[in-house]
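Predicted model only: the values in this text are computed from it and were never measured. Positions are given from 1, in the same order as the sequence printed here.
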Amino acid sequence: MARKAPFGRSLLLFSVALVLASCARGGQPTGAVPSYPLSFRDNLGREVQVPREPSRVVSLAPSVTEVIFAVGGGGKLVGVDRFSDFPPEAQKIEKIGGFSDPSLEKIASLKPDLVIGTAMHKKFLPQLESLGIPVVLLEPGSIEDVEENIRLVGRILGLVKGGEEAAKRLESRVGAVRKKVSGIPEARRPLVYYEVYSEPLMSAGPGTFISRVIEAAGGRNAFADASTDWPEVSPEAVVAKDPDVIIYPSVHGSASVSAEKIRGRPGWNRIKAVREGRIYSIDADIISRPGPRLAEAVEEVARILHPDIFGTPRPAKSLPRREGRVPVAARPI
């Protein structure tokens, strides 16, 4: 008969296993202080080395800015793109240009020791790297990827604990919704038409975070079978889908989509969502940016789809007009 290991040895082995598991997930144990130079691979598989703890960081995207603030690194930001408007403190940080056209001269003048962007910024790599600035590019494909990116950013910035806590908050909130809807059969999950834009009609395809939010909230995306992420659709195609629920984005300065306009479209009175008055607005930023506020988006969509479980949806907010707002499909993430 095999001998039982002493309790102390068993506890030691268990502790080592926990450390190894944490290292495998995020590269270092939870709460550990990173050692620099820090080497890792970003979402594009690029080997990146950060020589020292960053103290001057430039964000090229609103979602990145939100992640940096979420892990406690807002004080390290010296530059953000002009669409970075959350949290409110981000609006006070020096602007480096647009999401798709950042000013490399402006970035260089800020003397950053780290730039964080998205896969959309790959074309700027040669110029940024020629300046000797480490560049990290993020391209999450799922809500779980967003959680891991939050941990990664926390580790890169020397804020491991902040990254772990922020990731766990997102994981916990989304997980709570998923648990509550897990017993709902597929056939009873509401079919959702998400209207990204109205001229022309555009919806969200299978590769978008909008689609992932709908699914996590216990719904089915009406255009999950589209061949593109942002499919242009005909009014007849939407009528044929006969969605149970219609959701459209509330966008700063945009009046292109409204419940009244949706109800008044020819033939749309045959759609179940229109007949039953299930047309809702949601803040475009929380549902399209792959950052910590995805939890808020999942919870709000869950209230829209399953009010019997999650309570009444919040009233749609009228967002203030802000210069430079563009349709959500074309807007930066």
Side-chain angles (χ1 to χ4, degrees), residues 19-81 84 89-90 92-97 99 101-140 145-167 290-292 333:
V19 171
L20 291 175
S22 177
C23 288
R25 180 184 62 198
Q28 295 191 14
T30 300
V33 177
S35 58
Y36 298 89
L38 185 66
S39 296
F40 55 92
R41 290 189 180 277
D42 67 7
N43 289 180
L44 271 62
R46 300 168 50 251
E47 187 71 33
V48 181
Q49 186 175 87
V50 176
R52 59 188 177 278
E53 180 178 331
S55 61
R56 298 183 61 82
V57 182
V58 166
S59 165
L60 301 179
S63 58
V64 172
T65 300
E66 293 193 23
V67 168
I68 291 172
F69 269 97
V71 304
K76 295 175 181 281
L77 280 167
V78 295
V80 299
D81 75 291
S84 288
E89 296 89 331
K92 303 174 184 177
I93 300 172
E94 194 80 21
K95 299 300 182 286
I96 50 85
F99 171 80
D101 56 347
S103 169
L104 299 179
E105 292 78 12
K106 182 64 177 180
I107 293 173
S109 73
L110 294 173
K111 296 181 171 54
D113 45 26
L114 179 67
V115 171
I116 307 180
T118 72
M120 297 289 290
H121 299 106
K122 187 176 180 179
K123 61 184 177 181
F124 301 111
L125 277 174
Q127 298 98 311
L128 290 171
E129 291 178 334
S130 70
L131 298 173
I133 305 170
V135 181
V136 179
L137 298 181
L138 306 178
E139 188 184 26
D145 287 346
V146 175
E147 295 165 6
E148 289 309 308
N149 276 350
I150 291 172
R151 291 186 172 97
L152 175 63
V153 170
R155 182 160 65 94
I156 295 169
L157 298 183
L159 300 167
V160 175
K161 183 178 179 181
E164 183 65 25
E165 290 176 348
I333 58 173

Undergrad: Kindly give the heavy-atom pair with the smallest separation between L114 and P54, and that separation in Å.
TA: CD2-CG, 3.9 Å
Undergrad: Which pair of heavy atoms, one from V78 and one from L110, lies closest together, and at what distance?
TA: O-CD1, 3.6 Å
Undergrad: Of the non-hydrogen atoms in V71 and G163, which two are nearest, and what is the gap between them?
TA: CG1-CA, 3.6 Å
Undergrad: Below 4.0 angstrom, N of the basic side chain to O of the carboxylate: do E164 and K161 qualify?
TA: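 Result for this pair is no, no salt bridge flagged.
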Undergrad: Is the backbone of V136 close enough, under 3.5 Å, to the side chain of H121 for a donor and an acceptor to pair up by distance?
TA: no
Undergrad: Please name the residue in the list L131, I107, L128, V57 that meets the side chain to side chain contact (heavy atoms under 4.5 Å, CB included) test with P112.
TA: I107
Undergrad: Checking salt bridge (charged side-chain N to carboxylate O under 4.0 Å, His left out) for the pair E148/R151: CA distance, chi angles, key distance, verdict?
TA: CA-CA 5 Å; E148 289 309 308; R151 291 186 172 97; 2.7 Å; yes
Undergrad: With sequence neighbours left out, write down each residue that passes side-chain contact (heavy atoms from CB on, under 4.5 Å) with S109, or none if nothing qualifies.
TA: K106
Undergrad: If we ignore hydrogens and angles and just use 3.5 Å, is the side chain of D42 paired with the main-chain N or O of L138 as donor and acceptor?
TA: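 A pair under 3.5 Å: no.
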Undergrad: Report the residue from T65, I96, I68 that forms a side chain to side chain contact (heavy atoms under 4.5 Å, CB included) with S84.
TA: T65
Undergrad: Take V64 and T118 through the side-chain contact (heavy atoms from CB on, under 4.5 Å) test and state the conclusion after the steps.
TA: CA-CA 8 Å; V64 172; T118 72; 4.3 Å; yes
Undergrad: Under the side-chain hydrogen bond (donor to acceptor under 3.5 Å, both in side chains) test, which residues partner S63, sequence neighbours left out?
TA: none
Undergrad: Looking only at non-hydrogen atoms, find the nearest pair between L157 and K76 and report the distance.
TA: O-CE, 3.3 Å
Undergrad: If we ignore hydrogens and angles and just use 3.5 Å, is the side chain of Y36 paired with the main-chain N or O of I156 as donor and acceptor?
TA: yes
Undergrad: Quick one: are E47 and S39 in side-chain contact, heavy atoms under 4.5 Å?
TA: yes
Undergrad: With the side chain counted from C-beta on, respond yes when F69 and P292 share a heavy-atom pair under 4.5 Å apart, and no when they do not.
TA: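 Sidechains of P292 and F69: no contact.
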Undergrad: Find the distance between CD1 (I150) and CD (E66) and round it off to the nearest 0.5 Å.
TA: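 So the CD1 of I150 and the CD of E66 are separated by 10.0 Å.
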Undergrad: Do you know the tightest heavy-atom contact between I93 and G79?
TA: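 Nearest pair, atom of I93 first, then G79: CG2-N, 3.6 Å.
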Undergrad: Looking at every heavy atom in both A61 and D81, which two are closest together, and how far apart are they?
TA: C-OD1, 3.3 Å
Undergrad: Partners of L125 by side-chain contact (heavy atoms from CB on, under 4.5 Å), sequence neighbours excluded?
TA: R46, K122, E129, V135, L137
